[in-house]
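Notes follow once the structure below has been shown.
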Number of protein chains: 2
Amino acid sequence: MRSVPIGEAARQSGVKVPTIRYYEHIGLLPAPNRSKGNRRHYETSDLRRLAFIRHSRELGFDIEAIRTLLTLQDNPSQPCATADTIAQARLADVVQRIRSLTALKAELELMVEGCRHGKVGECRVIEVLADHSQCEHARH
Amino acid sequence: MRSVPIGEAARQSGVKVPTIRYYEHIGLLPAPNRSKGNRRHYETSDLRRLAFIRHSRELGFDIEAIRTLLTLQDNPSQPCATADTIAQARLADVVQRIRSLTALKAELELMVEGCRHGKVGECRVIEVLADHSQCEHARH
DNA sequence: CTACATTCTCTAGCGACTAGAGGAGCAAGC
DNA sequence: GCTTGCTCCTCTAGTCGCTAGAGAATGTAG
């Protein structure tokens, strides 16, 4: 008997109970066996799958990517080019995001530093928001 | 006659037509005058407001924050502490996001570099996703 | 047996749009 | 006039990845 109810699965995996049910609903996690009282019971393999999903979500992969990655995991003899491509796409996305957030950070810092804590009428924050051309550093 | 139809307003502001209507719907942009044929016509002041909204969105402020910022802009004699607070909160958020994305980037780079382009069964990408403990750098 | 926790299903909501249906208005060319 | 084709109108529903809540049933500890 190493099957656990959903609450325990949630505790062990760090995925919330409704989220586990949601993953089942969208077909990311197979429907587990049920007890007499119609309650889900998860096996070790389910918990592993759940951990895989959680980790992938933490790394920012979207559900469709995870679906593909799980299919790949289920077929270990296939070439892994697809997995590599997905991971690289995610990496490229992260790099791009860091770039634009860094530009944003510079802009926000200028805004906040320029604020003299007086009236709104002279506030640099409001002024810059109203006039994009005052942003010289970031072309967002 | 310097009022323009919604398509032109979209072109000038860089905000898409349905989005402009959406902003009106949620009360972020005042409902403009209509032509005989029931078409929206925007004045310069509307276009300025739209530019303010767009720029704020680009900087990642959420709608509620923008609502507050617009109210502040409409009352220039008030102290600007609120504007400053909102901008600082946004800055803190951006800094935090950059931090976690940078950790993610390191993790993804390790994954991608480790991939030997062989079979899925030996793929480092899949392996790391399945086993969080192989992530040593980021505690995500 | 009684509390209480846990689980069940189902529907609706979040933010910030986006897409599409189905129709009306309008300007230019014939 | 008339047609073509663009813009615009309103409305509803969908996107993503959950999250919240209602209302009922099941399981467990004392």
Side-chain angles (χ1 to χ4, degrees), chain A residues 1 3-29 31-42 46-47 49-50 52-70 86 89-90 93 97 140, chain B residues 1 3-29 31-42 46-47 49-50 52-70 86 89-90 93 97 100 104 140:
Chain A
M1 291 260 188
S3 77
V4 296
I6 197 167
E8 184 54 29
R11 239 160 280 130
Q12 284 185 32
S13 67
V15 179
K16 288 180 197 157
V17 169
T19 307
I20 295 177
R21 286 196 278 247
Y22 169 71
Y23 287 159
E24 179 184 330
H25 180 69
I26 62 170
L28 208 57
L29 199 62
N33 294 327
R34 300 283 184 127
S35 72
K36 281 173 286 189
N38 197 35
R39 300 189 167 198
R40 292 169 179 85
H41 277 274
Y42 294 94
D46 298 315
L47 297 179
R49 204 171 176 88
L50 210 41
F52 186 102
I53 296 170
R54 192 206 169 183
H55 194 196
S56 303
R57 285 296 298 136
E58 279 174 349
L59 290 172
F61 292 96
D62 62 28
I63 299 288
E64 280 319 298
I66 297 173
R67 211 185 282 281
T68 307
L69 291 167
L70 281 168
I86 291 174
R90 177 69 194 131
D93 183 45
R97 244 167 242 266
H140 45 251
Chain B
M1 291 263 188
S3 77
V4 297
I6 196 167
E8 183 55 29
R11 239 160 280 131
Q12 285 186 30
S13 66
V15 179
K16 288 180 197 155
V17 169
T19 306
I20 295 177
R21 286 196 277 247
Y22 169 71
Y23 287 159
E24 180 184 328
H25 180 69
I26 62 170
L28 207 57
L29 199 63
N33 293 327
R34 301 283 184 124
S35 71
K36 280 173 287 188
N38 198 35
R39 302 190 166 197
R40 292 168 178 85
H41 278 274
Y42 294 94
D46 297 315
L47 297 177
R49 202 172 177 90
L50 210 41
F52 186 103
I53 295 171
R54 192 204 169 185
H55 194 197
S56 303
R57 285 297 297 136
E58 279 173 349
L59 292 171
F61 292 95
D62 63 27
I63 299 289
E64 280 320 298
I66 297 174
R67 212 185 280 281
T68 306
L69 291 166
L70 281 168
I86 291 174
R90 178 69 196 131
D93 183 43
R97 243 167 241 266
S100 73
L104 235 62
H140 43 251

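Worth knowing before you read on, the calculation uses all heavy atoms, side chains too, and leaves out hydrogens, waters and symmetry mates. Note on naming: letters A, B, ... go to the chains in the order of the sequence lines (proteins, then strands), and numbering restarts at 1 for each one.
- Between D:dC18 and A:Y23, a contact under 4.0 Å exists linking OP1 or OP2 to a side-chain N or O.
- Sequence order on DNA chain C of the closest nucleotides to B:N38 and B:R57 puts B:R57 first from the 5' end.
- The side chain of A:K16 places an N or O atom within less than 4.0 Å of a non-bridging phosphate oxygen (OP1 or OP2) of D:dT19.
- Computed from coordinates, the B:Y22 OH to D:dT12 C1' distance equals 15 Å when rounded to whole Å.
- Within a 6.0 Å radius of CZ in A:R97, other residues, nucleotides and ligands contribute 12 heavy atoms or fewer.
- Not a single donor-acceptor pair, N or O on each side, falls under 3.5 Å between the base of D:dT10 and the side chain of B:R21.
- Look at CD on A:E24: it is 13 Å from C1' on C:dT7, rounded to the nearest Å.
- Along DNA chain D, the nucleotide closest to A:P18 and the one closest to B:V17 are compared, and the more 5′ of them pairs with B:V17.
- Remark: B:R40 is in phosphate contact with D:dT10, judged by side-chain N or O atoms under 4.0 Å from OP1 or OP2.
- Mapping B:F61 and B:G37 onto DNA chain C by nearest heavy atom places B:F61 at the nucleotide closer to the 5' end.
- Under a 4.0 Å N-O distance rule, the pair B:R90/B:D93 qualifies as a salt bridge.
- Across the protein-nucleic acid pair, A:I53 atom CD1 and D:dG17 atom C1' stand 13 Å apart, rounded to whole Å.
- Between A:T19 and the phosphate of D:dG17, there is no side-chain N or O to OP1/OP2 separation shorter than 4.0 Å.
- A salt bridge between B:E24 and B:R21 is absent, with no side-chain N of the basic residue lying under 4.0 Å from a carboxylate O of the acidic one.
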